[in-house]
Every structure is written in structure tokens, then in C-alpha cells.
Amino acid sequence: MSDRPQRNIAMELVRVTEAAAMAAARYMGTGDKEGGDRAAVEAMRLMLSTVDMDGVVVIGEGEKDKAPMLFNGERVGNGNPPAADVAVDPVEGTNLLALGRPNALSVIAIAERWSLWNPGPSLYMEKLVVDRRAKDAIDIRLSPTENLHRIAEALGRPVRELTVFVLDKPRHQALVNEIRATGARISLQTDGDVAGALLACLPNTGIDVLMGIGGTPEGVLAAVAVKAAGGGMQARRAPQSDAEYQRVIAADEEWDRILTLDDLVQSDDAFFAATGITDGPLLEGVRYYSEEITTHSLVMRVRTGTLRYIKAIHHIEKLARVSPITYAETR
């Protein structure tokens, strides 16, 4: 970055994800995913304006969400150094939020300016994520079967004891069949591959591997967390339509090259924060009490590998006095 980042910038980021999560949580189970996403975007953008940085959104709400703010290229922060790339997903798992299902998160990552990989017109990528013990065993060019056997050997366990996180999408039917043929177990989830990557890169979560195709924005966000955790990740673009394929090959002749963690996040001056919106195996969701709201967050720093879990108590009446965002009804 133009100036070395302050150590507490990660703590500023968790205030951003807490605000977005609390704003979105009011929509849990309502079926209104647009309303929940809009509330999170507004809260996240407001809090980002207070962060001491000169940020540019490189991974934003983007084309798929048609968002009026936090779009790619938007300037965020208060304009002071350090200069930074910013990647955001105010609600990672809008369907999960709308249906009240587990693993909806509010997520942000920042890194030294020009150091986060820009997906350009690419919307989807194939991903392979493991924790630090298996990071040297993976090769995305190999079959899922070969990778699972290599991962099992690195972990010192039989393949049948591995659990693989896979998004439950029609495009993954062949992948699911092959994983099952190895004897490995599968955690099929409808959405939330940032959460899946977190579970795969952190030890003792019950998930050993993330495999399959998900969004490129989520891939970049996840890469910051995986790098901070010391885990392993490989990816490559995987266009899911003829139109996307034509845009991708027009933008990059080497569109199908393997992307490593150092391609996705080129700097060690990088930070990641996530706050649970709905309950999940890694983070509790936003919880309401008579006068308080609690949030549960994860904060990571790439340079030091420091990982913090933060449980915060927010006083509803006091929040209402200082913030234009409605986090809960005052009594």
C-alpha cells in the first residue's frame, strides 16, 4: 500500500461487516432477498466511508446484482492513505438469508492497491480449497478422484473420512457422482461458497475440501481468507454460457490458466472480515434480545496469519441515536 496499513484496519473492517449483517438480518426468512441485500449494501457503504483508507471497489455488487452502490470502480473510505483494493459481498448467500437458512455472511477484504485479481468479464471459476496440511498436495488439473487421494494422504486419513463441500447445482452432478464413487462424504449446500472455502481452509471444521464451480467475486474474497489461514487454493475460469465464454477469451488469451493464491492475492498487506447473518458451523448469526443485538465475526490478517473471533454486543437504543441505519425497532 502507499503507506503501510495500521494494524487496527482489520478491526475497522469488522465494524463494516457487523453493520451490514445487522441491517440484513431483519430480512431473515422474509423471502425478500433484494430487500436484505439493499439494507446490507447501504449499511456497509455508510460504515466504509468512515474507514481510514483510499479504497477502490474491485470486487463489488457487480453485473449480476445491478446494485446502485458498491459497484466496481467506486471510491470508498475517507480518502486518506493507505491506497487499497476493496472486495465486498454485503450478503454472501442472499437466498440463504431470504429463506432463513444457515451460512449467510457479510464479507469484506482489502489489500494493497492493484494486488487483487480482477475477474473482468469472467463470472464463474472452478475452485479447489484445502487447509495448510494439504496445500502442497492439490493440483486442479487432476481429476477429483486423484486430488481426494492426495489430500487424504497429506492428512493421514482414508478418503472415506474426507468431507467435501460442493454447491448443489446441476453443473456439479458429474462431480458429485465421482466424489461419491471414491467413498468420500459430501456436504451439499445450495449457496455460500465463501463460507465453504472458510470451512475448508480452517482446521477442525468438519469440512476438508471445497470443490466445484462458483462465482469469481466469491473466489477472490475467499482467496484472501485462505491466504491468511495458510491454506491452499487453486482456481481457473469456467464460463457457464457461450456469451460469457466469448467475453472471457476476448479479454485474455490465456483465460484457462491455473490461478494460484499469489495470482489471486498478490500482496501480504491484506485483511479479511466476515460476520454471520444466519447461524452456521463457523459463525453464529445475528441475534436479538430485548435491548441488545449480538454479532459473531471472524477477522484475519494475511501478513501475520492472525485470526480473531469477535463476539460483539450492540445496544439497540444507543445505536439508534448515532446511526441513520435501522438495525432493530427501538422500544
Side-chain angles (χ1 to χ4, degrees), residues 1-21 23-24 37-92 94 105-120 122-123 125 194 197-198 215-228 261-275 277 297-303 325:
M1 296 185 180
S2 57
D3 287 353
R4 192 163 297 280
Q6 306 255 336
R7 289 185 62 87
N8 68 355
I9 197 166
M11 306 307 291
E12 294 183 58
L13 294 181
V14 79
R15 292 174 57 238
V16 173
T17 56
E18 285 173 348
D37 193 47
R38 183 170 57 252
V41 169
E42 291 173 355
M44 180 172 276
R45 189 172 185 268
L46 176 67
M47 292 303 297
L48 272 173
S49 68
T50 70
V51 177
D52 203 26
M53 69 175 177
D54 178 13
V56 176
V57 176
V58 296
I59 302 291
E61 286 292 89
E63 177 181 336
K64 289 190 292 184
D65 298 288
K66 300 178 181 177
M69 57 182 75
L70 294 183
F71 51 83
N72 292 356
E74 183 176 355
R75 303 298 286 262
V76 293
N78 63 10
N80 294 329
D85 283 350
V86 180
V88 300
D89 199 344
V91 179
E92 204 261 329
T94 53
L105 302 174
S106 178
V107 183
I108 189 169
I110 75 162
E112 182 179 359
R113 190 75 182 100
W114 308 113
S115 67
L116 291 184
W117 182 70
N118 189 337
S122 181
L123 301 179
M125 59 167 33
V194 172
L198 284 169
T216 51
E218 291 83 358
V220 176
L221 279 158
V224 178
V226 175
K227 193 166 188 176
L261 269 179
D262 288 334
D263 293 317
L264 297 167
V265 188
Q266 296 176 25
S267 173
D268 284 343
D269 276 343
F271 303 85
F272 175 91
T275 299
I277 304 174
S297 304
L298 169 65
V299 182
M300 308 172 79
R301 188 184 189 200
V302 172
R303 182 176 295 281
I325 302 296

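Positions are given from 1, in the same order as the sequence printed here.
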(message) With side-chain contact (heavy atoms from CB on, under 4.5 Å) as the criterion, how do Val58 and Arg113 come out once you've worked through the C-alpha distance, each side chain's angles and the decisive distance to 0.1 Å?
(response) CA-CA 10 Å; Val58 296; Arg113 190 75 182 100; 3.9 Å; yes
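- Closest approach of Met44 and Val107 over heavy atoms only: CE-O, 3.8 Å.
- With a 4.5 Å cut-off on side-chain heavy atoms, Val57 and Leu48 do not count as touching.
- When only modelled atom types and interatomic distance are considered, Thr275 and Thr17 share a side-chain donor-acceptor pair under 3.5 Å.
- Judged purely by atom type and a 3.5 angstrom limit, Ser122 has no side-chain atom pairing as donor or acceptor with the backbone of Pro119.
- Summarising the geometry of Val299 relative to Ala10, their closest heavy-atom pair is CG1-CB, 3.4 Å, with the distance given to 0.1 Å.
- Under a 3.5 Å cut-off, the side chain of Glu12 and the backbone N or O of Asp52 do form a donor-acceptor pair.
- If you take CG on Leu261 and CG on Asp263, they are separated by 9.0 Å, rounding to the nearest 0.5 Å.
- Here the straight-line distance linking atom OG of Ser106 with atom CD of Glu92 works out to 10.0 Å at 0.5 Å rounding.
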I would like to know whether Asn78 and Val51 meet side-chain contact (heavy atoms from CB on, under 4.5 Å); could you show each step before the answer?
CA-CA 6 Å; Asn78 63 10; Val51 177; over 6 Å; no
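- A distance of 10.0 Å separates CG of Asp37 from CD of Glu42, quoted to the nearest 0.5 Å.
- Closest heavy-atom contact between Val88 and Gly60: CG2-CA, 3.9 Å.
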TODO: Test side-chain contact (heavy atoms from CB on, under 4.5 Å) on Ile9 and Phe271 and set out the steps.
DONE: CA-CA 8 Å; Ile9 197 166; Phe271 303 85; 3.3 Å; yes
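- Asp85 contributes a side-chain N or O that, together with a main-chain N or O of Ser115, makes up a donor-acceptor pair within less than 3.5 Å.
- Taken from CG in Leu221 to CG in Leu116, the straight-line distance is 8.5 Å, to the nearest 0.5 Å.
- At least one donor-acceptor pair under 3.5 Å links the side chain of Glu74 to the backbone N or O of Phe71.
- Formation of a donor-acceptor pair under 3.5 Å by the Asp54 side chain with backbone atoms of Pro81 is not found in this model.
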**Request:** Would you please test Leu198 and Leu105 for side-chain contact (heavy atoms from CB on, under 4.5 Å) and show each step?
**Result:** CA-CA 11 Å; Leu198 284 169; Leu105 302 174; 4.1 Å; yes
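- Contact record, Gly55 with Val86: CA-CG2, 3.9 Å, taken as the closest heavy-atom pair.
- Residues that satisfy the side-chain hydrogen bond (donor to acceptor under 3.5 Å, both in side chains) test with Asn118, not counting sequence neighbours, are absent from this structure.
- Defined by atom type and a distance below 3.5 Å, a donor-acceptor pair is present between the side-chain atoms of Ser267 and Glu112.
- Taking a cutoff of 4.0 Å between a charged side-chain nitrogen and a carboxylate oxygen, Asp262 and Lys227 qualify as a salt bridge.
- Minimum heavy-atom separation, Trp117 to Met125: CZ3-CE, 3.5 Å.
- Between Ala43 and Ala23 the shortest heavy-atom distance is CB-CB, 3.7 Å.
- The structure places CG of Asp89 at 10.0 Å from CD1 of Ile59, a figure rounded to the nearest 0.5 Å.
- Taking CG of Leu13 as the start and CE of Met300 as the end, the distance is 13.5 Å to the nearest 0.5 Å.
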